[in-house]
Amino acid sequence: MMFLVNPSKFNKVADYVFLPALISSIILFSIGLIFAFYLSPDDYQQGSTVRIMYVHVPSAWIALLTYAIMTLYSIAGLAFRIPFGFIINTAVAPIGAVFTLICIISGSLWGKPMWGTWWVWDARLTSVAILFIIYLIIVFMNLSFENRVVREKVIAIFVLVGSINLPIVKFSVDWWNTLHQPATISKLSKPSIDPSMMIPLIIMTFAFVMVGLAIAILRIKTEIISRKSYLS
Amino acid sequence: MIILNKIISFYYREYKLNLSGFQDILTNIIFFFVSIFIFIFSIGPDKETISSIGIGIVWTLLLLSSTLSLRKFYQDDFENGNLLIMHLNGFSFGFIAILKTFSHFIFVQLPFLLSIPIACILLNIANDELIYLFSSFAIGSFILSCLGSISSSMNLMNQRNFLLGSVIVMIFSVPIIIFSVGIVNFEENFKSLISILFGILLIVFAINPWASGLCLKLSLENN
């Protein structure tokens, strides 16, 4: 498991993983989109708009997952002095920002026909918007510091402080009485979703994970190369 | 005993500095009042509209005008080397952050607290709501000081884009705004809401010395 903390070992593993991830993401996307558009049934209340869920839910999960990964690597970078954690922070933040933006846009496209409005000031929506702005601040911090050491450590501290938002996003639907529905799949009891919708959702989730992984590998490798040229 | 003397001399120095730069604090307060005027001109002088959104306006403008003075939080002491001298005198960086936070609360936020009654007269806020506003602002302004300490210590080495510091404070102050404006609207929930605000204060006060101390140390090491 050393490839998770060691850049040169990560490079070796990434060379093996990158092409399969890209190809499997293409295959999974084509299967998942066919399932999502043609093979899965309409909802009895929402009609055809339920198909937006197959993009909305995986992107939201990945947005949260990306921030959780960044938090773990910030702890690793600050506490155990593993510089690879800072590389991950720099490389992965724009990916999380893009997935959060996809989640927000697809959600508001769904909200217009269902709730009758593009946006409501509901706890879940607000906390996800804050998550998006936190991602943007991390990206801007990457651009605006001149000293590299200060930049990466300050970003790691900011990621740790901002991780307060993560449980708020997750539990906002339980703590407050919101318009956004509570979790149907990622809860402790049996998921209250029909298998005919569960299967395309899982396929689309894996497709999103694979696409995110492929982009992340590209960005992390670029970051490692730029560090090497900076140091030498 | 020696450390107590040092703390007292620290605050004496802060007092001298803030007294000589008193016009800066006064300018902040003038900014606050001018923005109240502009708010009222933009929504029209209808008494009921103004008094229904008055608390929100006061809180928003207090937040905005307290982020204006963030640049001065550590920057002057950082550039003329006083932070290093304080550290050499036996204050750890976290302790410097706590002292600085209290000094920011006393010298920058308390004048706002004193100017709230005048703002309440201008915005037609009822007198019995004033006590709620006061108690929420007394806690909330200390949270704002802690957040300001974190964000300004993060941006010490950031020469290009200092507005990022204000954005950081504003994004983390969202829960404070929600709960402190909620205090006035739900008078029966006053106790529970003020307990939530106090809880946020304790969390932020615990994070503050760690985060700002680490950022101060980093900036001084790499300057």
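All chains are named by letter (A, B, ...) in the order of the sequence lines, taking the proteins before the strands, and each is independently numbered beginning at 1. None of these values were measured; they are calculated from a predicted model.
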Which atoms of [X] approach chain B - backbone, side chain, both or neither, heavy atom under 4.5 Å:
| X | result |
| --- | --- |
| A/Leu160 | side chain |
| A/Ile164 | side chain |
| A/Ile133 | side chain |

Review point. Is a side-chain donor-acceptor pair under 3.5 Å present for B/Ser103 with B/Glu14?
Key: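 B/Ser103 and B/Glu14 do have a side-chain donor-acceptor pair below 3.5 Å.
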Practice item. Give the minimum heavy-atom separation between B/Leu62 and B/Ile116, together with the two atoms involved. Key: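 For B/Leu62 and B/Ile116, the tightest heavy-atom pair comes out as CD1-CD1, 4.0 Å.
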Review point. Take atom CZ in A/Phe140; do more than 12 heavy atoms of anything else shown fall under 6.0 Å from it?
Key: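 No, the 6.0 Å shell around CZ holds no more than 12 heavy atoms from other groups.
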Review point. Tell me, side chain or backbone of B/Leu164 under 4.5 Å from chain A's heavy atoms, or both, or neither?
Key: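 Side chain of B/Leu164 only, per the 4.5 Å heavy-atom cut-off to chain A.
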Exercise for review: Considering only heavy atoms and a distance below 4.5 Å, find which of B/Leu156, B/Ile168, B/Ile150 pairs most often with chain A.
Suggested key: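 Heavy-atom pair counts peak at B/Ile168.
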Check your understanding: Taking only residues two or more places apart in sequence, or in another chain, which ones meet A/Glu146 in a salt bridge (charged side-chain N to carboxylate O under 4.0 Å, His left out)?
Key ->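 A/Glu146 satisfies salt bridge (charged side-chain N to carboxylate O under 4.0 Å, His left out) with B/Arg160 once adjacent residues are dropped.
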Point to revise | Ion pair A/Lys153/B/Glu221, N-O distance below 4.0 Å | key: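 So A/Lys153 does not pair with B/Glu221 through a salt bridge.
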